[in-house]
Amino acid sequence: MRYLSTRGEPAALAFDDVLLAGLARDGGLYVPETWPQFSAAEWRALRGKQYHEIAFAVLKPYVGGAIPDADLARLTREAYANFTHKAVAPLKQLDANLWTLELFHGPTLAFKDYALQLVGKLFDYVLGKRGQRITIVGATSGDTGPAGIAAVAGSQHIDIVVLHPNGRTSPVQRRQMTTVLDPNVHNVALEGNFDDCQDLVKALFGDLEFRDRYRLSAINSINWARIAGQIVYYVHAALALGAPDRAVSFCVPTGNFGNVLAADAARRMGLPIERLVVATNRNDIVARTILTGTMALESVAPTITPSMDIQVSSNFERLVFELAGRDGRATSAMMTEFRQSGKLAFPQGMKGALADGFDAGAASEGETLNTIAKMRLTTGEIVDPHTAVAIHVAQRAKSDAPIVVASTAHPAKFPDAVEKATGIRPALPDFLADLFEREERVDILPNDAATLKKYVAAHAKAQ
Ligand SMILES: *Cc1c(COP(=O)(O)O)cnc(C)c1O
């Protein structure tokens, strides 16, 4: 298996190169050259298998020989060994036709663990073979940072520098980062907001000399390996509900479009998915784009679902590439137009394909809180606000098939919203019960690229 850039660069890299590179050199995102196809018999053969066995089967064609099978099997087994639920990603039935797919049984209680625990192992494996070191630099508004740190803490081959906006993440999220004291983990509380953090990270990646010198690498969902790792739980869930002999639908709380893109990838691989429903909060650019065929930028409003407070969903480019018939030049022109004008009207054919492939809806703050309260009353379940957004949207979606909501975070990660809705403050699981007693280590830096570069230079061992 080789990988291409969505902007047309005919790089044709292998999986391990794509893993380390993150973003393509022409500014595009890597996508597989072709979509692996599974027959009904091949899906059926995976029924009843353990999560890590399904992970191996799904990832094997994407890895495409870049890692020997025996090693890939070991890495997938190790990646999910410390998850706190034996099923790793269990399904829970909430209503006659409604399920949640719980993706919060990893070490940092959000779905990002499911891909990142594996990506951390893949990084270590490939770097160990090559005798290389890298420096991961990333910005987080709350969930990616903890999951990324948990995935690489203690690695002999990786330094990780994570920027979060000082004072603007939840105390649980901050402590999930700052209490990790391994010497390769470097937390920066930036005097600025999340956009400032992202701009500084972009500035470092934009300085090619600096980027090459410290071998900068990324762990956000522009990295293809993350998308590949997320395909697994859609397959696991669909098989449990009767696929390939019965179709299922999924409804996914969406920000950067990485999670729902993995469901789309599963569908392209032949998994029978009836409807894919994109759920957003009031930062609803993706939902509007699907419903109207025009992508139009607005400003970001803060909500009780902060992991979806986003306007430019970087992974949407991977879908644009497919809708454009995998034409890199056309994709590049459209993305450039969108960046320059903040608006992009898709041509009729693409508009139709978008509407055929996806449904979409948004939930207000009030609707989100109501849904948490209603779920508590009708099912006894306490769901996190991101999950509640998707439940609200799923309950209004048309689907004959069972509809599965991706439950992307544990309610204890967002205790204020849950308490407001239910009067109950959800407790952290036992293994995090002492989180607020643990020692913190963090460096507060001004919003300045030169200072950050000095900081990275002082801490990165890759040079
Ligand atoms: C990251 C995140 C999302 C959004 O996922 P995308 O892949 O960015 O669309 C939704 N919910 C939670 C809890 C998250 O952490």
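Values below: every heavy atom of this structure, side chains too, minus hydrogens, waters and symmetry copies. Each ligand, and each atom within it, is numbered from 1 in the order the structure gives.
- Of the protein's non-hydrogen atoms, the one nearest atom 11 (N) of ligand 1 is T408 OG1, 2.9 Å.
- There is a side-chain donor-acceptor pair under 3.5 Å between H105 and E102.
- Set against the non-hydrogen atoms of F257, the atoms of ligand 1 under 4.0 Å away are 6 (P), 8 (O), 9 (O).
- Separation of atoms NZ (K374) and NE2 (H392) is listed at 8.0 Å; rounding is to 0.5 Å.
- Using a cutoff of 4.0 Å between basic side-chain nitrogens and carboxylate oxygens, E317 and R7 are scored as salt-bridged.
- Selection from G255, A279, A262 by nearest heavy atom to atom 9 (O) of ligand 1 gives G255.
- Below 3.5 Å of separation, one finds an N or O of N259 facing an N or O of ligand 1.
- Less than 4.0 angstrom separates some heavy atom of D143 from each of these atoms of ligand 1: 12 (C), 13 (C), 14 (C), 15 (O).
- A salt bridge links R438 with D434: at least one charged nitrogen is closer than 4.0 Å to a carboxylate oxygen.
- For Y51 and H236, the ring centers sit closer than 6.0 Å to each other.
- The pair E322-R318 does not count as a salt bridge, with every side-chain nitrogen at least 4.0 angstrom from each carboxylate oxygen.
- At least one heavy atom of P253 lies less than 4.0 angstrom from ligand 1.
- Looking only at protein heavy atoms, the nearest one to atom 6 (P) of ligand 1 is N256 N, 3.5 Å.
- Here's the thing with D384: none of its N/O atoms is less than 3.5 angstrom from an N/O atom of ligand 1.
- Ring orientation note: the planes of F316 and F346 are tilted relative to one another, at an angle of 30° to 60°.
- Those atoms of ligand 1 that come under 4.0 Å of a heavy atom in A409, given as number and element, are 13 (C).
- Under the side chain to side chain donor-acceptor pair (under 3.5 Å) test applied with T305, the options T408, D384, N281, N283 reduce to a single match, N281.
- Within the listing of ligand 1, atoms 9 (O) sit less than 4.0 angstrom from a heavy atom of T254.
- At the top of the distance list for atom 2 (C) of ligand 1, counting protein heavy atoms only, stands K112 NZ, 2.4 Å.
- Of all the atoms in ligand 1, the ones that sit under 4.0 Å from a non-hydrogen atom of G258 are 6 (P), 7 (O), 9 (O).
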